[in-house]
Structures are given as C-alpha cells and as structure tokens.
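Report on one structure; see the data block that follows.
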Protein chains: 2
Amino acid sequence: MNRIHRKVEYALIALKHMRGKNPGERTTVKDMATQYRCPHDVLARVLQTLASRGVLKSEQGVHGGYLIAKDLNRVSFYDLLEMILGPMEVARCLQEPTASADSDPKAPFANDEAAVCELRETCNIVSPIQLLNRKMSEFYRNLSVAELIEAGRSLKSRESAKVNGAQL
Amino acid sequence: MNRIHRKVEYALIALKHMRGKNPGERTTVKDMATQYRCPHDVLARVLQTLASRGVLKSEQGVHGGYLIAKDLNRVSFYDLLEMILGPMEVARCLQEPTASADSDPKAPFANDEAAVCELRETCNIVSPIQLLNRKMSEFYRNLSVAELIEAGRSLKSRESAKVNGAQL
DNA sequence: TAAACTCGGTCTTTTTTAGTCTTATTTCAA
DNA sequence: TTGAAATAAGACTAAAAAAGACCGAGTTTA
C-alpha cells in the first residue's frame, strides 16, 4: 500500500549510482539502464527532469551523460517527489492553482472543474486533509535525498538508533 | 501526487460524522452515503472492515447502523491505513509475509512470487527504501485519527502550535 | 559525417483503484 | 410470521493512473 512510484525508485537508483563516481565523471542512461535493468526511456525521462531542475547536469554528444550538479544534502525528498510527480496534494480538495500559475485562458475544454473533488460541497474533512497534507509535506521536507541514499552505510550502530526520533 | 485513497477519505468522513453523535447512537451507511454523496457500497465495505477490526461496532437489523467502538486517540493513522489498505510497504522490495497472517486459504494461485520486484537482483537502494519505509511508518503511527479528525476545531490558537511535537 | 549521446512528443499496455450489481443474512415491528 | 430496513460479502465492470515503448529529432566529438 501507498507505494512510491517507480520513477522515484529509478531516480534514487541513479542518484545513488552517480554519487559513487569521481567528480566530473559522467554516466550514461544506457549504462544505468542496463546495469540496474530498468527501462531506458523511463529512466531517461526522469533524469531529464532532474537535470532541468538543476539536480543533475547533462552533457550531450558522444561522451555525454549525466552527473550530479547539486549537493544532495540540500535536496529534500520532498523536492525530489515534487520534481517527478508534481506538487504534493494528499487529496483532490487541495488542488492549488499552484506556482505554475498558468492561468490558461485558452483551455478549450474547461477541465478546471473536471479534476475537482466532487464531494467538495458536502465534505466534512477538508481541515483534516489539509492538516495531513501539511504534516506530510513537512515530513518529506525534513528528509534529504543524501540521507536516504546513504542509508545502510552508517548503520553499523544497530540500525542507527537516532535515525528515528529527533529531527521531525 | 501521492494521494490518499478514496476509501481512506470515506473512512475519515464517516468517523468524523459518528464522532459527533451521542454515545450509543447509531448511524446507517445509507445516511452517510447520501449526506456526503459517497457511494454506498464502497463506504459500506470500508465500515465493515473497520468494524471487523474493532474500531466500529455494527448492529444489524432494522434499527441497525454503526457506532464508534474505540477511542480514536488510540487509533493511529497508520492503523487506519493498514486496516483499509494492508501493511505498509513503500516498495515491492519489502513484501513481508506479515502480521496480517490471513493465511488466505482461498488464494488459488500462489502469487507469492508474482508481485516481487524484478529489480531485486541488481537493486542498489534496498537500504534506502527500508529506511524510508521505517520513517514513514513511524510518521503515520505518531498521528492519531482523533487528531486528524479534530483538525480545524482547536486551531483558534494559530494552527495549534503543539499539534506537531508532544505525543511522539 | 557518423557514432553515441541526450531530448521530448505521442502512443499503447498494464496495473491499480473505484464503483456497481447481486444475493445473502440479521433484526425488529406490525 | 412476514416484510422492511439494515449490514455482509462475492463477483464483476469501468475508469484512472502509471509504466513503458516507439520514434524522430538535436548535439557533440572523434
């Protein structure tokens, strides 16, 4: 239940892979796709996104490939999810017009209404949903990608007792 | 992205509704389904589940209906999710034979192997996934259903500063 | 210029989730 | 004792979302 999306897994796999490389060293999508047996196209697309958001840098051409461009300690898991999956909305109620702010006046089919929760009128849990959304966002924001990727490395101390408490 | 399931919403709606009733007072599925415009069958099924897990009590017959049977302060959101959606598994890697322990005698096709992650062999992120799963579980466990449902009530004090800390 | 990359649009397939239909079963009251 | 009103639950269908494949570019360098 409540699985993370495959794309997110692929992103983590790739990031962890590149994390181990020498600075400046590039890795091709093809390499990673074959090594980890994940679908080339999907992985490629995810990496494109991350590159467009500054987490990775892409080099085209013959000796092209990807490399990490940003300190992963400064990239939260929230950021990663948001890049790949879009803004966090735990339920349809929340539908923010959002940062993208495309007030799309052209929109031939006004699907504004389409995606909106049809329970809206009668719903008694918008506050709870908002609270949940806030808390989850906070949780994800407090978890860095670096921390995730590094997991299992520093846990000689019995599953790192403090990993749990504290911080949240 | 990462929406909670409709069934979970329905559960919250129903629980919040019943929360407002006098002790002993029953509410029928039909009432709630019509009042909140959610599909009768789906709601019914969810409530059946909650009843079977002791959160609700059901009375059959003419004056039947549901009522809350357990202090919602003692039911975590994790519990709720687990009841409705099954054990928390942030990714296929994690596939526990698990506590649910429904040795499902009907299961005609042993799909044990079927659902297993096909990246398993080459995967470099099982530790990260495990960490994430642990942290998310913890997060959900530290959030009570009562707290959620009550949201928006006690927040005259500026989004109830203490909602976060404490309790954990 | 050709090979080996990334880029990005559109399409199809698969999987998951949501919802419906139908047939019990229980209870109470007229 | 029978019928209305409720829960219980299996099997099925529809809809939505996610995953993946295909393809035709644009870039760089040997």
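Just so it is clear: chains get the letters A, B, ... in the order the sequence lines come, proteins before strands, and each one is counted from 1.
- Between B:Met18 atom CE and D:dT7 atom C1' there is a gap of 13 Å when expressed in whole angstrom units.
- Comment: A:Lys57 engages A:Glu59 in a salt bridge, judged by a side-chain N to carboxylate O separation of less than 4.0 angstrom.
- Taking all atoms of both residues into account, the shortest heavy-atom contact from B:Gly24 to B:Leu67 is O-CD2, 3.4 Å.
- Residue A:Arg74 places its CZ atom among 12 or fewer non-hydrogen atoms of other residues, nucleotides or ligands, all under 6.0 Å distant.
- In this structure, the CG atom of A:Leu56 is 15 Å from the C1' atom of C:dC5, given to the nearest Å.
- Set against D:dG20, C:dC7, C:dT17, the side chain of A:Gln60 has C:dC7 as its closest nucleotide.
- A donor-acceptor contact under 3.5 Å is not formed by the side chain of A:Arg45 with the base of D:dG20.
- When all heavy atoms are compared, the tightest approach of B:Gly54 to B:Ala69 is O-CB, 3.7 Å.
- Residues from residues 61-70 of chain B with heavy atoms under 4.0 angstrom of DNA chain D, sorted by number: B:Gly61, B:Val62, B:Gly65, B:Tyr66.
- Atom-to-atom, NE2 of A:His5 to C1' of C:dT17 comes out at 12 Å; the value is rounded to the nearest Å.
- A straight line from CZ of B:Arg26 to P of C:dT26 spans 17 Å, rounded to a whole angstrom.
- Of the candidate nucleotides D:dA8, C:dT22, D:dG20, C:dT22 has the atom nearest to the side chain of B:Asp41.
- The shortest distance between the side-chain N/O atoms of A:Tyr10 and the OP1/OP2 oxygens of D:dG20 is below 4.0 Å.
- Side-chain N/O atoms of A:His40 include none lying less than 4.0 angstrom from OP1 or OP2 on D:dG20.
- Of the listed nucleotides (C:dA18, C:dT10, D:dA8), D:dA8 has the atom at the smallest distance from the side chain of B:Ser58.
- A salt bridge does not link B:Arg37 to A:Glu121: none of the charged nitrogens lies less than 4.0 Å from a carboxylate oxygen.
- Contact of the A:Asn133 side chain with the A:Met88 side chain is registered, since non-hydrogen atoms from C-beta on lie closer than 4.5 Å.
- Summarising the geometry, the separation between CD1 on B:Ile13 and P on C:dA18 is reported as 13 Å, rounded to the nearest angstrom.
- The distance from atom CG of B:Leu119 to atom P of D:dA19 is 12 Å, rounded to the nearest whole Å.
- Interatomic distance, B:Asn2 CG to A:Glu89 CD, rounded to the nearest 0.5 Å: 11.0 Å.
- Nearest to the side-chain atoms of A:Arg6 among the listed nucleotides C:dT6, D:dG20, D:dT7 stands D:dG20.
- Residue B:Asp31 contributes atom CG, which lies 13 Å from atom P of D:dA5 at whole-angstrom precision.
- Atom-to-atom, CD1 of A:Ile84 to C1' of D:dG20 comes out at 16 Å; the value is rounded to the nearest Å.
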